[in-house]
Amino acid sequence: KNLVYSYNEDPDEANATTASTTWQTNARAIDEDPTSGWYVDLTVDEEGGIHIAYYNNRKSELRYIYLSSYNDASPKKVTVDSYQSVGTQVTVSTRKETISGNERIVPYISYYQAAFYNSPNSVRVAWRTDFSGDVKNGAENDLFTGAWEAMTIPVQDGTVPQDATICNGVPTTGDWANAVVLGFMTNDGYKKAVLKK
């Protein structure tokens, strides 16, 4: 009941027993809280960095882990959002962007705020904004720190998002280049929201 991460450097290994041993040898808990690891999503960015977003059930919060490479022995773990019960139905995507004159990989996390279940205010998206040093908490003691931006996606009157996966994409070309595109189920069908930054 904690979040375990593993990797296999030779996934085409012919010997199934050896492959199984490799996965077990490399397995390690990266969040040892016994209620972590719900609604996990993982993506690998274009530079090989690994971004993991998930829900911690005990604290009812959205957490994020960054590994600079698949075998990074010192993953960085932070809390992104902790206001009430928040952080289920997670999707994480990344995009390289120029921030303060430097290219940075920005993680975007879309998620559901269960505390606002059956209300029009339950879809959220967060992204990292502070790149001075290691990744930092976006929330501490239910207060935002400013290291991440988190916002509620407004929906039309009478439309209620369902408690289901909140998908996101971060296009680099086309009509929605540099926007964040979200998709989610509602009582009125599948909806799209476009956040233009």
Side-chain angles (χ1 to χ4, degrees), residues 1-5 29-43 49-67 74-95 97 99-100 104-157 159-168 170 180 182-186 191 193 195-197:
K1 288 188 176 180
N2 49 27
L3 184 60
V4 176
Y5 169 82
I30 56 175
D31 188 333
E32 296 183 358
D33 186 318
T35 60
S36 279
W38 297 83
Y39 303 98
V40 179
D41 195 32
L42 176 153
T43 191
I50 296 173
H51 307 259
I52 304 171
Y54 60 99
Y55 179 67
N56 173 275
N57 194 39
R58 180 173 62 87
K59 292 195 171 183
S60 301
E61 63 188 20
L62 175 68
R63 290 186 180 176
Y64 166 84
I65 293 178
Y66 174 71
L67 296 90
S74 302
K76 314 300 186 286
K77 178 184 72 175
V78 299
T79 297
V80 174
D81 192 350
S82 63
Y83 181 65
Q84 296 184 341
S85 178
V86 64
T88 62
Q89 309 295 355
V90 177
T91 302
V92 60
S93 299
T94 62
R95 178 172 55 210
E97 299 178 5
I99 298 174
S100 301
R104 306 289 189 189
I105 301 292
V106 181
Y108 289 89
I109 306 171
S110 54
Y111 52 103
Y112 188 81
Q113 185 160 10
F116 293 155
Y117 175 77
N118 212 22
S119 85
N121 303 312
S122 52
V123 174
R124 293 180 64 81
V125 63
W127 60 95
R128 183 180 174 189
T129 56
D130 185 339
F131 289 87
S132 59
D134 285 336
V135 62
K136 301 173 179 65
N137 283 327
E140 295 175 352
N141 300 316
D142 294 338
L143 300 174
F144 289 109
T145 65
W148 290 71
E149 183 74 31
M151 69 175 293
T152 298
I153 304 301
V155 296
Q156 297 173 347
D157 293 340
T159 301
V160 178
Q162 303 298 298
D163 188 356
T165 302
I166 312 297
C167 300
N168 82 50
V170 286
V180 181
L182 296 115
F184 50 92
M185 286 301 300
T186 73
K191 300 293 183 184
L195 171 63
K196 297 180 179 179
K197 290 184 59 193

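This structure is a prediction, so every number in the text was calculated from the model and none was measured. The figures here come from the full heavy-atom set of this structure, side chains too, leaving out hydrogens, waters and symmetry mates.
To the nearest 0.5 Å, the span separating OG on Ser110 from CG on Leu182 amounts to 5.5 Å. Rounding to the nearest 0.5 angstrom, the gap separating the NZ atom in Lys136 from the OG1 atom in Thr145 is 9.0 Å. Of the inter-residue distances, the one linking Ile166 atom CD1 with Ile109 atom CD1 reads 13.5 Å to the nearest 0.5 angstrom. Of the inter-residue distances, the one linking Thr152 atom OG1 with Phe116 atom CZ reads 6.5 Å to the nearest 0.5 angstrom. Note that NZ of Lys77 is 6.5 Å distant from OG of Ser36, once rounded to the nearest 0.5 Å. The CG atom of Leu62 sits 10.0 Å away from atom OH of Tyr55, with the distance rounded to the nearest 0.5 Å.
Contact of the Gln84 side chain with the Ser60 side chain is not registered, since no non-hydrogen atoms from C-beta on lie closer than 4.5 Å. The side-chain heavy atoms of Trp127 and Thr129, taken from C-beta on, include a pair separated by under 4.5 Å. Annotation: side chain of Arg63 is in contact with side chain of Asp31 (closest heavy-atom distance under 4.5 Å). The side-chain heavy atoms of Thr94 and Val170, taken from C-beta on, include no pair separated by under 4.5 Å. Looking at heavy atoms from C-beta onward, Trp148 lies in side-chain contact with Tyr64 at the 4.5 angstrom threshold. Residues Ile30 and Ile52 form a side-chain contact, since some pair of their non-hydrogen atoms from C-beta on lies under 4.5 Å apart. Residues Tyr83 and Leu143 have side chains not in contact (no heavy-atom distance under 4.5 Å, counting atoms from C-beta outward). Put simply, the side chain of Ile153 reaches to within 4.5 Å of the side chain of Val125, judged on heavy atoms.
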- Item | Ser93 vs Asn168, side chain to side chain donor-acceptor pair (under 3.5 Å): CA-CA, chis, key distance, verdict | CA-CA 7 Å; Ser93 299; Asn168 82 50; 2.6 Å; yes
- For Tyr66 and Ile50, what are the C-alpha separation, side-chain angles and deciding distance, and is it a side chain to side chain contact (heavy atoms under 4.5 Å, CB included)? CA-CA 6 Å; Tyr66 174 71; Ile50 296 173; over 6 Å; no
- Task: Check the pair Tyr54, Asp41 against side chain to side chain donor-acceptor pair (under 3.5 Å), reporting the backbone distance first and the verdict last.
- Result: CA-CA 6 Å; Tyr54 60 99; Asp41 195 32; over 6 Å; no
- Message: Arg95 vs Val180, test: side chain to side chain contact (heavy atoms under 4.5 Å, CB included). Steps then yes/no.
- Response: CA-CA 10 Å; Arg95 178 172 55 210; Val180 181; 4.3 Å; yes
- Message: Could you go through Leu42 and Val92, starting from their C-alpha distance and side-chain angles, then the distance that decides it, and tell me whether this counts as side chain to side chain contact (heavy atoms under 4.5 Å, CB included)?
- Response: CA-CA 7 Å; Leu42 176 153; Val92 60; 5.6 Å; no
- Task: Walk me through it: do Leu3 and Ile65 pass the test side chain to side chain contact (heavy atoms under 4.5 Å, CB included)?
- Result: CA-CA 10 Å; Leu3 184 60; Ile65 293 178; 4.1 Å; yes
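Electrostatic pairing of Lys59 and Glu61 does not count as a salt bridge here, judged by no charged N lying under 4.0 Å from a carboxylate O.
Taking both residues in full, the closest heavy atoms of Arg128 and Asp130 are given as NE-O, 2.9 Å, listed atom of the first, atom of the second, then distance. Considering every non-hydrogen atom in both Ala126 and Val80, the closest pair reads CB-CG1, 3.7 Å. The shortest heavy-atom contact between Tyr112 and Gln162 is CE1-O, 3.3 Å. Here the closest non-hydrogen pair linking Asn137 and Thr79 is OD1-N, 2.8 Å. Considering all non-hydrogen atoms of both residues, Phe184 and Ala193 come closest at CE2-CB, 4.1 Å. Of all heavy-atom pairs spanning Phe144 and Ala150, the tightest one is CE2-CB, 3.8 Å.
In this structure, Ser119 contributes its side chain and Asn121 its backbone to a donor-acceptor pair below 3.5 Å. Using a distance-only test at 3.5 Å, with no hydrogens or angles considered, a donor-acceptor pair links the side chain of Thr35 to the main chain of Arg58. Although no hydrogens or angles enter the test, the distance criterion places no donor-acceptor pair under 3.5 Å between the side chain of Gln113 and the main chain of Ser122.
Judged as a salt bridge (Lys or Arg N to Asp or Glu O under 4.0 Å), and not counting sequence neighbours, Asp163 has no contacts. Residues passing the side-chain contact (heavy atoms from CB on, under 4.5 Å) test with Ala29 are Asn2, Glu32, sequence neighbours excluded.
Under the salt bridge (Lys or Arg N to Asp or Glu O under 4.0 Å) criterion, no residue pair touches residues 107-118, with sequence neighbours excluded.
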